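This structure is a prediction, so every number in the text was calculated from the model and none was measured.
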Amino acid sequence: RTGAAGEGRRKKVVRAVRKDWEKWSRELRKRVQEQLDLSRELSDEEVQELIDREILKTSRENCLLLEEKLRLQKELFNSMRRLDMLQELIEDPDVTEIMVNGPEHIFVEKNRKVQAVDNAFISAEELEGVIRMLASDVHREINEANPIVDARMPSGYRINGVLRNVALNGPSLTIRKFAESMITMEELVQRKSLTEECKEDLCALTECGYNIFISGATSTGKTTFLNVLADYIPKTERVITIEDSAELQLHDIANLVRMEVRQADAEGVSSVTLRDLIKASLRMRPDRIIVGEVRGPEALDMIQSMNTGHDGSLSTGHANSPEDMLSRIETMILMGSDMPLPAIRI
């Protein structure tokens with residue numbers, strides 16, 4: 001009981017200190033923003049100079065420690081030119097996923113474990129501002145009429161943002177980070193994810209042009225494994241990749257075409273679906289077609305392409321087991337056609 005009570009008091013103190021610090025930071029940011037010249041595009045250096053000037057004034061008034069000044073400097077710059085308090089998590093190489101469930105609840109996947117972060121956004125508006133900024137960076141629009149964005153950042157990270165008009169506990173943001181260096185088949189063997197015999201068989205199947213479908217649950221490494229297998233595709237072949245959000249990292253393939261789904265926007269530009277891209281790829285004289293992930297009626301087009309001379313195709317899908325994946329593929333094909341189930345199974 002004493003331990004629980006002590007922990008409760010500690011959390012109250014932390015919340016009080018954080019509240020005071022946030023009020024202080026908010027006032028300082030307001031002073032900086034009032035001095036910004038909005039008639040032109042300011043460089044990072046100019047914004048940093050304004051921040052340093054205001055921190056120097058605040059330091060004289062409140063006798064800030066050097067550590068506090070550096071923290072304020074970093075937080076203010078990140079909130080105005082980067083991803084606010086998420087920037088430190090983005091820069092942490094051990095963090096692979098960031099999950100924001102409203103302004104006060106942030107979790108990360110770090111070293112394969114999900115853990116809470118002892119930090120928070122000041123308000124829901126501030127979090128929504130970060131989501132809108134991320135969407136605008138990739139020319140996507142997110143608003144009350146279109147409250148969900150799913151996109152790939154220039155850095156290669158995948159983001160999903162939901163505004164509070166559909167997220168009941170506040171705006172939601174999920175950022176999936178990918179390793180800068182691609183994992184190899186040898187590393188999988190070293191980590192005992194595969195046996196040496198399994199590695200040799202998979203490499204031979206890929207090189208010989210067998211169709212391979214990878215299944216697994218969320219965050220089990222389907223895309224990573226697809227990247228590993230794709231590295232054994234003969235470099236002389238013509239490869240077409242089709243993805244919802246481009247994540248594949250294919251190297252040393254000169255004859256490569258990469259295509260990505262396009263969402264419809266508010267200006268009336270129509271969407272381009274996975275089905276559209278798969279059908280288009282069949283006219284591109286592909287040796288191999290790689291579909292990042294199938295989750296709907298495009299499964300019919302993918303299976304048809306595999307059975308019409310495009311051997312060696314690769315794809316992934318969500319399922320708990322290979323047997324479940326076969327059943328799910330049947331369901332997805334039924335979503336895209338009126339074929340009877342016995343015909344699909346044949």
Side-chain angles (χ1 to χ4, degrees), residues 8 10-36 38 42 47 50-51 54 71-92 95-110 114-155 157-177 218 245 263 265-266:
R10 187 193 72 81
K11 288 183 177 179
K12 286 183 179 179
V13 170
V14 169
R15 282 196 292 268
V17 171
R18 181 191 293 166
K19 189 174 181 180
D20 291 340
W21 180 270
E22 288 169 354
K23 181 180 178 182
W24 198 6
S25 176
R26 187 164 53 247
E27 291 175 353
L28 195 56
R29 187 190 314 170
K30 182 180 179 182
R31 283 157 53 181
V32 173
Q33 288 173 334
E34 288 173 349
Q35 299 180 55
L36 294 177
L38 301 179
L42 295 174
V47 174
L50 284 172
I51 291 172
E54 288 302 319
R71 179 184 168 190
L72 266 176
Q73 182 188 60
K74 188 171 184 178
E75 285 188 3
L76 284 173
F77 184 78
N78 285 341
S79 68
M80 300 179 72
R81 306 293 282 195
R82 296 290 184 268
L83 298 181
D84 210 312
M85 51 80 52
L86 298 182
Q87 189 64 35
E88 290 187 25
L89 301 177
I90 288 287
E91 295 171 356
D92 188 340
V95 172
T96 54
E97 192 138 10
I98 301 168
M99 296 155 277
V100 185
N101 310 331
E104 297 182 357
H105 302 285
I106 301 173
F107 296 83
V108 296
E109 183 182 60
K110 189 170 184 178
V114 176
Q115 53 192 271
V117 175
D118 190 18
N119 209 337
F121 283 90
I122 294 174
S123 64
E125 289 78 12
E126 187 176 36
L127 174 53
E128 286 194 345
V130 171
I131 296 173
R132 293 178 196 276
M133 183 181 69
L134 287 169
S136 65
D137 285 346
V138 290
H139 309 291
R140 297 285 180 88
E141 186 174 356
I142 182 168
N143 49 43
E144 298 298 315
N146 183 31
I148 300 173
V149 63
D150 192 8
R152 173 184 54 87
M153 302 306 296
S155 60
Y157 300 159
R158 189 175 69 198
I159 68 160
N160 176 271
V162 182
L163 299 186
R164 54 185 160 172
N165 63 332
V166 290
L168 301 183
N169 57 337
S172 167
L173 175 63
T174 307
I175 303 176
R176 169 80 60 87
K177 295 171 60 180
T218 302
S245 295
Q263 304 294 333
D265 61 21

- Item | Nearest-0.5 Å distance, CG of residue Asn146 to CG of residue Leu163 | 8.5 Å
- Task: Can you measure from OH (Tyr157) to CZ (Arg176) and round to the nearest 0.5 angstrom?
- Result: 13.0 Å
- Of the non-hydrogen atoms in Gly102 and Leu127, which two are nearest, and what is the gap between them? C-CD2, 3.7 Å
- Task: Tell me, please, which residues at least two apart from Asn169 pass side chain to side chain contact (heavy atoms under 4.5 Å, CB included).
- Result: Asn101
- Query: Within the side chain of Lys177, is there an N or O that forms a donor-acceptor pair under 3.5 Å with the backbone of Val95?
  - Reply: yes
- Task: Rounded to the nearest 0.5 Å, what's the gap from CG on Asn160 to CD1 on Ile131? Could you check?
- Result: 9.0 Å
- Minimum heavy-atom separation for Asp150 to Arg158, with atom names? OD1-CG, 4.3 Å
- Message: Please identify which of these residues, Val108, Ile106, Val114, meets the side chain to side chain contact (heavy atoms under 4.5 Å, CB included) condition with Met99.
- Response: Val114
- Task: Can you see which heavy atom on Val162 is nearest to which on Ala167, and at what distance?
- Result: CG1-CB, 4.0 Å
- Message: If the threshold is 4.0 Å, N to carboxylate O, is there a salt bridge linking Glu125 and Arg164?
- Response: yes
- Distance, nearest 0.5 Å, that separates CD1 of Ile175 from CD1 of Ile90: 4.0 Å
- Task: Mind checking the CD-CG spacing from Glu128 to Leu173? Nearest 0.5 Å is all I need.
- Result: 11.0 Å
- Sequence neighbours excluded, the answer for side chain to side chain contact (heavy atoms under 4.5 Å, CB included) partners of Ser136 is none
- Task: Identify the two heavy atoms, one from Pro147 and one from Ile142, that lie closest to each other, and give their separation to 0.1 Å.
- Result: O-CD1, 3.5 Å
- Spacing of Glu109 atom CD and Ile98 atom CD1 [to the nearest 0.5 Å]: 11.0 Å
